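Being a predicted model, the structure only gives us computed values, none of them experimental.
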Amino acid sequence: MYLTDRSAPAGAGTVPGRRRGLRPGVAPVVLVLGTVSLITDISSEMVTAVLPLYLVTTLGFSPLAFGTLDGVYNGVGALVQLTGGHLADRIRNHKLLAGLGYGLSALCKPLLLLVSSIGALGTVLALDRTGKGLRTAPRDAMISLSTPSGKQGRAFGVHRAMDTTGAMLGPLAAFLILSAAADGYDAVFGVSACVAVLGVVVLVLFVPGKLRGAPVDRAREAEVGQPVLVQEAGAADNREAGAAEGRPPVRVREAFALLRLPRLRALAGCAALLGLTTVSDAFVYLLLQRRAGIGEQWFTLLPLGTALVFLLLAVPLGALADRVGRHTVFLSGHGALLIGYALLLWAPATPAIPFLVLALHGVFYAATDGVLPAALADIVPEELRASGLAIVGTSQALARFCCSLAFGAAWTVWGDGPALAASAVGLLCCAAIAGRVLRPTDGNR
């Protein structure tokens with residue numbers, strides 16, 4: 001994608017079909033939002049990396065208690081996504097809602113230093129996930145609105161790759177802090193809070209206040225054979241403000257009317273169906289640590305394997321989804337996850353099992369996390385983009401909330417093996433159903 005500025009002389013410094021410098025082919029706002037997500041994920045993943053072990057081994061929580069907390073951790077954010085998405089569309093300021101979400105999550109990090117009971121921890125985690133729920137749909141809407149339809153997968157891939165860089169650095173930072181600090185868990189929570197504040201500062205200073213899709217330079221597109229965005233210094237926001245004054249506020253009824261769109265219903269339903277059998281990351285790492293006999297001192301490094309593969313494949317698989325079909329890549333990612341479950345079940349003693357499972361876990365995220373919102377680009381109108389993203393994201397997250405509760409209960413009653421076997425069988429069946437539903441409804445990929 002080329003970015004041109006009308007303040008520059010015509011034809012200055014560009015050669016058809018070539019990019020200047022090292023531009024990655026995505027809008028600048030995608031890179032800034034990726035930076036915010038990178039910093040925030042360092043903070044979040046520092047906590048996420050130590051939380052399962054901290055709760056189960058240090059505080060003595062049962063798998064059922066941990067599953068309940070993990071379900072709260074995901075379920076609350078899912079419900080709030082609808083609110084965040086609708087409010088962002090209603091006030092037409094995605095940055096404001098995203099900033100509130102990032103700020104609330106930052107405030108929750110130091111509170112982890114003060115709580116130890118399941119009720120207090122549940123409250124803090126619920127507030128943290130409230131922040132995530134508020135920011136997710138507005139942030140993804142800003143990415144989508146700044147990107148041409150045919151490049152959505154690539155743009156989300158770039159953002160998710162930057163986000164995943166933070167997901168790699170977070171567990172590594174937690175590992176180093178735990179190794180060096182006497183009160184390791186307290187030090188992790190404290191440093192995490194400081195890093196989260198930095199992410200909020202970057203968002204406030206560098207993300208534009210209001211954003212809508214940039215106009216397309218059709219003449220330049222015909223010349224170079226691909227989409228060209230035109231940026232007019234200061235004019236885009238003025239057009240945005242002027243247009244917004246003449247439009248009535250988006251109503252809740254309009255947002256939920258999106259469910260009348262067959263393709264959106266299909267995506268939301270399949271995301272929920274597959275989420276019902278998707279074991280949470282925390283449980284995957286606990287299963288891998290226990291079944292493969294990995295020492296507790298290495299536990300915080302397990303997310304690094306997932307994050308590394310996610311980082312390497314997010315952009316290639318996003319671009320592949322733009323070409324071959326997003327539903328194909330999305331379902332293939334769940335196939336990779338299913339293979340990972342099978343390896344944990346039937347080959348836990350294999351020396352290479354940790355590397356294989358973490359690699360497949362990373363492939364799953366690279367093929368699904370950015371591809372799902374990219375699939376909505378041609379379905380949801382701009383003025384309701386955040387609401388549409390929130391509806392699909394909420395359906396998926398609520399299903400994963402239910403899965404965490406059910407998996408924790410099954411592990412407590414039957415053990416980890418039968419619980420994982422039930423999830424694997426369920427995922428196989430749900431993937432088969434989703435394959436039949438998505439193929440005829442995803443005509444425009």
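A donor-acceptor distance shorter than 3.5 angstrom exists from the side chain of K95 to the backbone of V204, with no hydrogens or angles considered. Checked by atom type and distance alone, the side chain of T164 pairs as donor or acceptor with a backbone atom of R160 at under 3.5 Å. For the pair Y341 (side chain) and V279 (backbone), a donor-acceptor distance under 3.5 Å is present. At least one donor-acceptor pair under 3.5 Å links the side chain of R265 to the backbone N or O of R260. Panel note: side chain S146, backbone I143; a donor-acceptor pair is recorded below 3.5 Å. In this structure, the side chain of T277 engages the main chain of L274 through a donor-acceptor pair within 3.5 Å. H334 places a side-chain N or O within 3.5 Å of a backbone atom of F330 that can act as its donor or acceptor partner. A side-chain donor-acceptor contact under 3.5 Å links S423 to the backbone of A419.
At a threshold of 4.5 Å between non-hydrogen side-chain atoms, the residues P208 and V29 count as touching. You'll find the side chain of S144 reaches within 4.5 Å of the side chain of Q152, heavy atoms only.
The distance from atom OH of Y365 to atom CZ of F310, rounded to the nearest 0.5 Å, is 8.5 Å. Taking OG of S192 as the start and CG of L112 as the end, the distance is 7.5 Å to the nearest 0.5 Å. To the nearest 0.5 Å, atoms OH (Y102) and OG (S44) are separated by 9.0 Å.
Smallest separation of non-hydrogen atoms from L264 and L258: CD2-O, 3.9 Å. Here the shortest heavy-atom pairing between G275 and C403 reads O-CB, 3.6 Å. Heavy atoms only, all atoms of each residue included: A266 and V437 are closest at CB-CG1, 4.0 Å. Considering all non-hydrogen atoms of both residues, G153 and D322 come closest at N-OD1, 2.9 Å. Considering every non-hydrogen atom in both A167 and A307, the closest pair reads C-CB, 3.9 Å.
For the side-chain hydrogen bond (donor to acceptor under 3.5 Å, both in side chains) test, no residue two or more places apart in sequence or in another chain qualifies with E45.
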| Worked check of side-chain contact (heavy atoms from CB on, under 4.5 Å) between L287 and F407 | CA-CA 12 Å; L287 285 164; F407 190 85; 3.6 Å; yes
| query | Can V115 and L111 be said to form a side-chain contact (heavy atoms from CB on, under 4.5 Å), step by step? | reply | CA-CA 7 Å; V115 298; L111 296 180; 5.6 Å; no
| request: Go through the steps for Q81 and L389 under the test side-chain contact (heavy atoms from CB on, under 4.5 Å), then give the verdict. | output: CA-CA 9 Å; Q81 270 196 63; L389 288 164; over 6 Å; no
| message | Go through it in stages, so that I can follow the logic: the residues are D89 and E383, the test is side-chain contact (heavy atoms from CB on, under 4.5 Å), and I'd like the CA-CA distance, side-chain angles, deciding distance and then a yes or no. | response | CA-CA 6 Å; D89 286 335; E383 64 273 14; over 6 Å; no
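The aromatic rings of F364 and H361 lie parallel to each other, their planes meeting at an angle below 30°, with 60° marking the opposite boundary. The aromatic rings of Y285 and F299 stand perpendicular to each other, their planes meeting at an angle above 60°, with 30° marking the opposite boundary.
A salt bridge is defined here as a Lys NZ or Arg NE, NH1 or NH2 lying under 4.0 Å from an Asp or Glu carboxylate O, and D140 with R135 fails to meet this definition.
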